2 protein chains.
Amino acid sequence: MTGRAARTKKRTRIQVGNEERILDAALAVFSRYGYRGGTIDQIAARAGMSKPNLLYYYRRKKDIYVAVLERTLTMWLAPLESLDAAGDPQEEVRRYVRRKLALSRSHPEASRLFLSEILQGAPLLRPKLEQELRAQVRRKAAVLQGWMDQGRLTPLDPVHLLFTIWATTQHYADFDSQIRAVLGRDAMTETMFETAEATILKLFFEGLGVEG
Amino acid sequence: MTGRAARTKKRTRIQVGNEERILDAALAVFSRYGYRGGTIDQIAARAGMSKPNLLYYYRRKKDIYVAVLERTLTMWLAPLESLDAAGDPQEEVRRYVRRKLALSRSHPEASRLFLSEILQGAPLLRPKLEQELRAQVRRKAAVLQGWMDQGRLTPLDPVHLLFTIWATTQHYADFDSQIRAVLGRDAMTETMFETAEATILKLFFEGLGVEG
DNA sequence: GTCTATACAATGATAGAC
DNA sequence: GTCTATCATTGTATAGAC
């Protein structure tokens, strides 16, 4: 049982609207303080409703957390899926890096929510990661490996290549505060993301080594 | 007032030992659940002492958190400091990547503790980051820029290069659970770290691009 | 100086009445 | 659909024994 709202077949306009506001608020709170650190009071206040009213929609704290995790999982897995074996290797990788970086810019809280869950040992997400993510990585690593075997990409461990792409792009969402501390409080600008993208792509495709 | 122990000039052997056990326990708890998610009870249990006894050494929860953050800050900033302008550029960068990755392997909890603090917006660490880290990054970015100007490294934004190095190496500590989910539960082996190191270094120095 | 027992106020999560 | 009541947990404080 996950609350009345989830059981009801036809949801009213008010229900849909309120559930969205709750999940938006939950995303903000949980991504900042973690599951245990976030409180229902905070979420209710941010969603502009009373705690009891919020609990009418989601009976328990965990239900809210699960719902917001599920809602963002799709977004999380989508970009890698579009890596196309039929496309040009370098262009495909380039496009993937760009999409991931764009997501870090447009949805930093989603990135931090997943990170927060993973930091805790992924107690709720583990099954999904071990099944869906694992299978997806296996498939896409095979695509990368194929390109390497054909001599169209430098031969590398394809799984660790994916880890490296995730790490570098998500860094700009997850380490937001640190980047601001180093570059200045209003550092997260369009220009900065363009510099980041150019740096990452040049590093990944040309490398640091200079011949001569 | 930060507790009696902190005021005392000469600490007994018992004090030193207990404070260490407390900070070790606090590292484990806070790195997993965050500051707000971690409880004094958990820390006390893990340190093998009663809660009142723990509070004899650190009067408030925040005092424990500050102490463990301070203790790990040195380790955090040390590797970059050793980047030597007089050394060989490629060898210096290589060594830095290796040191950071080794730290992710040997002290994953320290990495996660800082990440957790940064995720929350770095409320306690911000001053230090804006001063010490910022200054250090500025100095070391200048070193990298110098090497690039001399044509000894591919010209890139040196600050974002540092971000990329941090991201890729710390990923193996911070995303521990995700890596296990993808590679198998007992994935964090010596061999795996060797593969990671080889992949990162090859990517950084040779790049993905193949000529021909 | 070191540790235990106990208490208490605040907050949070949940259940049930209206 | 909304509000009140309840109960466990948590952070903090105090008194006193070893």
Side-chain angles (χ1 to χ4, degrees), chain A residues 1-23 25-26 28-30 32-69 116 120 123-124, chain B residues 1-23 25-26 28-30 32-69 116 120 123-124:
Chain A
M1 282 218 281
T2 55
R4 270 161 231 143
R7 275 208 313 256
T8 310
K9 281 155 195 169
K10 193 157 193 178
R11 295 182 303 173
T12 68
R13 213 167 290 111
I14 291 178
Q15 276 176 330
V16 173
N18 279 346
E19 283 171 18
E20 253 174 46
R21 281 195 307 157
I22 291 170
L23 294 188
V29 170
F30 286 136
R32 195 162 198 82
Y33 301 106
Y35 173 63
R36 283 181 49 181
T39 73
I40 297 182
D41 271 320
Q42 276 182 300
I43 297 169
R46 195 176 267 265
M49 62 181 75
S50 67
K51 179 160 79 167
N53 193 11
L54 184 153
L55 290 167
Y56 166 73
Y57 292 100
Y58 295 95
R59 247 162 47 87
R60 293 172 313 170
K61 184 185 182 182
K62 196 168 187 173
D63 294 338
I64 312 172
Y65 187 67
V66 169
V68 69
L69 264 184
S116 173
Q120 287 166 45
L124 278 159
Chain B
M1 282 221 278
T2 55
R4 269 160 231 146
R7 276 208 313 257
T8 310
K9 280 156 196 171
K10 191 158 193 177
R11 295 181 304 170
T12 68
R13 213 167 291 112
I14 291 178
Q15 276 177 331
V16 174
N18 279 348
E19 283 171 16
E20 252 174 47
R21 281 196 307 156
I22 291 170
L23 294 187
V29 170
F30 286 136
R32 195 162 197 81
Y33 301 106
Y35 174 63
R36 284 180 48 179
T39 71
I40 299 181
D41 274 319
Q42 276 182 301
I43 297 170
R46 196 177 267 265
M49 63 181 72
S50 66
K51 179 161 79 165
N53 192 13
L54 185 153
L55 289 168
Y56 166 73
Y57 292 99
Y58 296 95
R59 251 158 54 86
R60 292 172 313 170
K61 183 184 182 182
K62 196 169 187 172
D63 294 338
I64 312 172
Y65 187 66
V66 170
V68 69
L69 264 185
S116 174
Q120 287 166 47
L124 278 159

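Note that these values count all heavy atoms, side chains included, but never hydrogens, waters or copies made by symmetry. The chains referred to below are lettered A, B, ... by the order of the sequence lines, with proteins before strands, and numbering in each begins at 1. Please read all numbers here as calculations on a predicted model, not as lab measurements.
Residue Ser116(A) comes nearest to Gly34(A) through the heavy atom pair OG-CA, 3.3 Å, listed as atom of the first residue, atom of the second, then distance. Between Lys61(A) and Arg36(A), the closest heavy-atom pair is NZ-O, 3.6 Å. The two residues Tyr56(B) and Gln15(B) come nearest to each other via the heavy atoms OH-NE2, 4.3 Å. Across every non-hydrogen atom of Tyr58(A) and Ile64(A), the tightest pair is CB-CG1, 3.5 Å.
The salt bridge (Lys or Arg N to Asp or Glu O under 4.0 Å) search around Lys51(B) returns Asp41(B), not counting sequence neighbours.
Residue Gln15(B) places at least one side-chain N or O under 4.0 Å from the OP1 or OP2 atom of dT2(C). For the OP1/OP2 pair of dA15(C) and a distance below 4.0 Å, the side-chain nitrogens and oxygens of Arg59(A) include at least one atom meeting the criterion.
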Sub-3.5 Å pairs of nitrogen or oxygen atoms, protein against nucleotides 4-6 of chain C:
from, atom 1, to, atom 2, distance (Å)
dT4(C), OP2, Ser50(B), OG, 3.1
dT4(C), OP2, Asn53(B), ND2, 3.4

I'd like a list of close polar pairs between nucleotides 9-11 of chain D and the protein, N/O only, cut-off under 3.5 Å.
from, atom 1, to, atom 2, distance (Å)
dG11(D), OP1, Gly38(B), O, 3.3
dG11(D), OP1, Lys61(B), NZ, 2.9
dG11(D), OP2, Ile40(B), N, 3.0
dG11(D), N7, Lys51(B), NZ, 2.9

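Under the 4.5 Å side-chain criterion, counting only non-hydrogen atoms from C-beta, Ile43(B) is in contact with Phe30(B). Taking the side chain as every heavy atom from C-beta outward, Tyr57(A) and Leu23(A) never approach each other to under 4.5 Å. Using a 4.5 Å cut-off on side-chain heavy atoms (C-beta onward), Met49(B) and Arg21(B) make contact.
Side-chain atoms of Arg60(A) lie closest to dT14(C) of the nucleotides dT12(D), dA13(D), dT14(C).
Here the C1' atom of nucleotide dT2(C) and the CD1 atom of Ile22(B) are 12 Å apart, to the nearest Å. Atom C1' of nucleotide dC3(C) and atom CD of Glu19(B) are separated by 15 Å, given to the nearest angstrom.
Here Ile14(B) lies in heavy-atom contact (under 4.0 Å) with sugar-phosphate atoms only.
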